[in-house]
Amino acid sequence: MARTKTAATAPSGASAKTSRNGRLSNAERSAYFARREAAKVLRLVLRGDARRRAVGSIKSLVYSPSVKNKKATFALVCQTLKHLSIIKQVLDSASILNSKWKRQEELVYILTYDILFGQEISLVGDAEKFLMLHKGAIQSALARLLVRNKVKSIEDLMALYQTPDVPKPRYVRVNTLKMDVDSAVLELGKQFVVQKDDLVPDLLILPPGCDLHDHPLIVNGCVFLQGKASSMVAAALAPKPGWKVLDACSAPGNKTVHLAALMKGKGKIVACELNKERVRRLKDTIKLSGAANIEVLHGDFLNLDPKDPAYSEVRAILLDPSCSGSGTAAERLDHLLPSHASGHTADPTEMERLNKLSAFQKKALRHALSFPGVERVVYSTCSIHQVENEDVIKSVLPIAMSFGFQLATSFPQWNCRGLPVFEGSEHLLRTDPVEDKEGFFIALFVKGNIIDRSKNPTMPSSYNSK
């Protein structure tokens, strides 16, 4: 990423450094398209944040197949978001934006970041030409902002706004449809210190900060970037090869293809996703994984008829519904978003949103439990909020029992369990956002009596304690 620096003064001849025939140089062309790719991602991020309904995380949007220059785009988006409060104040003070440029505000933010803190800009586009024409006004507005905040440097000003980064190990899941775990360890071990996770057999641990996005094993789908808690979800469902499984809210698809790997590519997975854009992501993930036993269903899981003969053989359902995402705020870089800076979690509007999410989650879980042939249901969220977790399970438990389900303990060796707000909450699993660097929640429903694990464990015997 570009490093923060004091406001740069461009050479007096800040014209485009084009070749003599008037064409863009390779560097100019790359920068031009990277800024526009970054602006598209930034638009999705900011609009999703404003509506509290993100299309995807910053990382997932940047590293989608449609983005070509991933490293430059990721750096521009993250750095612009880190400086966004300052950029907005500077542009407001400079009073240079008319209605035309306000309609392209995300590109303006990207370019203003580069003018003030990043690299020099060549005059290779209309937006670049406009902002460079007003560069003096932009820099003067920044100088006034320093004075107003009684600080002497950009670094001191940034310290008023920035949240420290959260260090965390890099987890990767080996896609056993394409490569075995030992081979992945050997290959990754050529560049990094690699450890096998002690709980999820196909999960590897690498040092924090490892950039693997361009690594051949990532590019060819042999290895997926997936956190530990996320990898525990499909493992908790533990579908057997040959089963028919329903993934109710599938996109972006990491858990879906993990199910396929656990099933050794045998049987069938119906991957349901309502959002059109996320269906594209889901299909891309499936293609990358090489899984051939997944059928994508573009539609609402709630509209599926449990009595439809097409679903009579479904034996397991994974339900990972829309949630607040509060448990993965650091991983998803939510600390960079405007809503995080404004402290929206204490906002009554946010509580209303959580209650709406909870109502949907309860409805979806009741629906999942109503499929007559289903033996196992996993409900999971990446939320730390009780209203999305224990409260949902407590509300649905009587209906679950009427269908013959009981709570079972997934990963019994895991120490962090559900909040003790109802009898049986010890079966629930939580990951701690501080200790484990992400906050997930997993509930496992099993049809019939609670399993005697000494005879038939809910998890493979190879899973060791935390």
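The analysis underlying the following values was restricted to heavy atoms, covering all of them including side chains, and did not include hydrogens, waters or symmetry mates.
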* Asked: With sequence neighbours left out, what residues match Glu313 under salt bridge (charged side-chain N to carboxylate O under 4.0 Å, His left out)?
  -> none
* **With sequence neighbours excluded, residues passing side-chain contact (heavy atoms from CB on, under 4.5 Å) with Ser370** => Pro306, His367, Phe403
* Pairing residues for Ser380 by the side chain to side chain donor-acceptor pair (under 3.5 Å) criterion, not counting sequence neighbours -> Asp320
* Listed by chain and number, what are the side chain to side chain donor-acceptor pair (under 3.5 Å) partners of Glu423, not counting sequence neighbours? -> none
* In Å and rounded to the nearest 0.5 Å, what is the CD1 to CZ distance from Ile384 to Phe440? -> 12.5 Å
* Structure fact -> The side chain to side chain donor-acceptor pair (under 3.5 Å) partners of Ser231 (sequence neighbours excluded) come to none
* Check salt bridge (charged side-chain N to carboxylate O under 4.0 Å, His left out) between Lys71 and all other residues, then give those that pass, not counting sequence neighbours. => Asp211, Asp214
* Under the side-chain contact (heavy atoms from CB on, under 4.5 Å) rule, collect the residues that match up with Cys249, sequence neighbours excluded. => Leu319, Pro321
* Asked: Got a sec, which pairs hit ring-ring contact (aromatic ring centres under 6.0 Å, His included) with one end in residues 203-246, sequence neighbours left out?
  -> Tyr63-His213
* To do: Applying salt bridge (charged side-chain N to carboxylate O under 4.0 Å, His left out), run through Asp114 and Arg35 and close with a yes or a no.
  => CA-CA 9 Å; Asp114 262 347; Arg35 291 184 187 115; 3.0 Å; yes
* Structure fact -> Those residues at least two apart in sequence (or on a different chain) that pass salt bridge (charged side-chain N to carboxylate O under 4.0 Å, His left out) with Asp197 are Lys228
* Asked: With sequence neighbours left out, what residues match Ala34 under side-chain contact (heavy atoms from CB on, under 4.5 Å)?
  -> Asn69, Ala72, Leu76
* Go through the structure and list residues passing salt bridge (charged side-chain N to carboxylate O under 4.0 Å, His left out) with Glu390, not counting sequence neighbours. => Arg430
* **Listed partners of Ser358 passing side-chain contact (heavy atoms from CB on, under 4.5 Å), at least two apart** => Gln361, Lys362, Val387, Val392
* Asked: Is any side-chain N of the basic residue among Asp182 and Lys196 closer than 4.0 Å to the acidic one's carboxylate O?
  -> yes
